[in-house]
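Because the structure is predicted, anything quoted here is derived from the model rather than measured.
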Amino acid sequence: MAKKETLPMNIDLNDMEPGSNIIYSNEVVSIIAGVAATEVEGIAGMVNVPNSGLLGKNRNVTKGVKVEIGTQEASVDLYVTVEYGKPIQKAAHEAQEAVRKAIEEMTGLHVVRVDVHVQGVSFEKENKALDAGAQHAVLEPAEAETPLVEAAEETPVQEPVAEEQPAVEAPAEA
């Protein structure tokens, strides 16, 4: 833990040599944005971006993220699915802020825009909750043998005795 405490919290970028630059690859910024977006409550996941061009080993983290980087600025497009029941506008706004803050703090790049493209709604948590409820509703085998309503003691039932009635004869045809 002592090692973390000795790291500088703020770096003065003015101490850099004049004419030197730090260049970030699109994948680095995409990873930062992807991790920040998926940590937001209400964001169920990311959706494949058409023509993103990122096919590296971190594809699952960068899925749904498209970035454009300049020398001092970055812009991000997020393609997300939102959890059902969560306010979409709130989740999207929180994702924008989380991504902007993460990129600016980690890279020093100014994020000019974070566009969130909501591509769908996920019912995965709802389905899991329903499945969990259904599993609790299943009775154990021992419970299934005990009747839910106790039957009253059985008493012998006497069947009514049919009284003999005089046979009715059909009138003879004349």
Side-chain angles (χ1 to χ4, degrees), residues 1-140:
M1 286 198 173
K3 210 175 203 184
K4 272 190 172 180
E5 293 173 5
T6 60
L7 294 175
M9 295 304 280
N10 294 320
I11 298 173
D12 186 12
L13 296 177
N14 294 328
D15 290 342
M16 291 178 51
E17 294 290 324
S20 62
N21 291 325
I22 299 174
I23 300 169
Y24 301 99
S25 76
N26 285 359
E27 187 172 6
V28 169
V29 177
S30 293
I31 290 169
I32 295 169
V35 170
T38 55
E39 290 178 350
V40 172
E41 185 178 343
I43 301 296
M46 309 296 277
V47 180
N48 284 329
V49 179
N51 303 324
S52 69
L54 293 175
L55 299 173
K57 61 183 176 183
N58 296 316
R59 182 67 188 134
N60 56 349
V61 178
T62 60
K63 177 176 80 169
V65 181
K66 184 177 179 183
V67 298
E68 294 177 23
I69 301 174
T71 55
Q72 296 178 357
E73 297 178 334
S75 66
V76 181
D77 286 293
L78 300 174
Y79 295 83
V80 301
T81 57
V82 178
E83 294 173 7
Y84 178 77
K86 302 289 182 182
I88 295 173
Q89 189 173 9
K90 180 180 176 190
H93 179 35
E94 288 176 0
Q96 286 174 320
E97 287 302 310
V99 167
R100 181 194 57 75
K101 184 177 177 184
I103 292 172
E104 287 181 353
E105 286 179 357
M106 294 177 120
T107 65
L109 293 171
H110 174 65
V111 179
V112 292
R113 67 178 176 84
V114 177
D115 293 336
V116 178
H117 305 269
V118 179
Q119 301 293 304
V121 177
S122 173
F123 294 94
E124 189 171 321
K125 282 192 177 180
E126 281 241 334
N127 291 341
K128 284 182 183 178
L130 289 174
D131 289 345
Q135 288 175 356
H136 290 301
V138 174
L139 296 175
E140 297 285 329

task: Answer yes or no: is there a side-chain heavy-atom contact under 4.5 Å between Val65 and Leu78?
output: yes
Close side-chain approach of Asn21 and Thr71, heavy atoms under 4.5 Å: no
- prompt: Nearest 0.5 Å, what's the CG-CZ distance between Asp77 and Arg113?
  reply: 4.5 Å
message: Please give me the minimum heavy-atom distance between Ala92 and Val116, naming the atom from each residue.
response: O-CG2, 3.7 Å
- request: For Glu41 and Lys86, work out which heavy atoms get closest and say how close.
  value: OE2-NZ, 3.2 Å
query: Judged by atom type as modelled, is there a donor-acceptor pair below 3.5 Å linking the side chain of Gln72 to the main-chain atoms of His110?
result: no
- request: Mark yes or no for whether Glu68, through its side chain, and Ser75, through its backbone, hold a donor-acceptor pair below 3.5 Å.
  value: no
- prompt: Does any N or O in the side chain of Ser25 come within less than 3.5 Å of the main-chain N or O of Val28, such that one atom is a donor and the other an acceptor?
  reply: yes
message: Please find the pair of heavy atoms, one from Met106 and one from Tyr24, that lie closest to each other, and give the distance.
response: O-OH, 4.4 Å
field: Exercise: identify the closest heavy-atom pair between Ala98 and Ala36
entry: O-CB, 3.8 Å
- prompt: Which residue, Val29, Val111, Val76, forms the side chain to side chain contact (heavy atoms under 4.5 Å, CB included) with Val99?
  reply: Val76
- prompt: Val67 and Ser30: which non-hydrogen atoms are nearest, and at how many Å?
  reply: CG2-OG, 3.5 Å
Gap separating the CD atom of Glu105 from the CZ atom of Arg100, nearest 0.5 angstrom: 8.5 Å
message: I need the minimum non-hydrogen distance between Ala33 and Ile103, along with the two atoms involved.
response: CB-CD1, 4.1 Å
task: Give a yes or no on whether a salt bridge exists between Lys101 and Glu97, defined as a side-chain N under 4.0 angstrom from a carboxylate O.
output: no
message: Nearest 0.5 angstrom please: Asn48 CG to Thr62 OG1, how far?
response: 9.5 Å
message: Just so I know, are the side chains of Val80 and Val47 near enough to count as touching, which here means a heavy-atom distance under 4.5 Å?
response: no
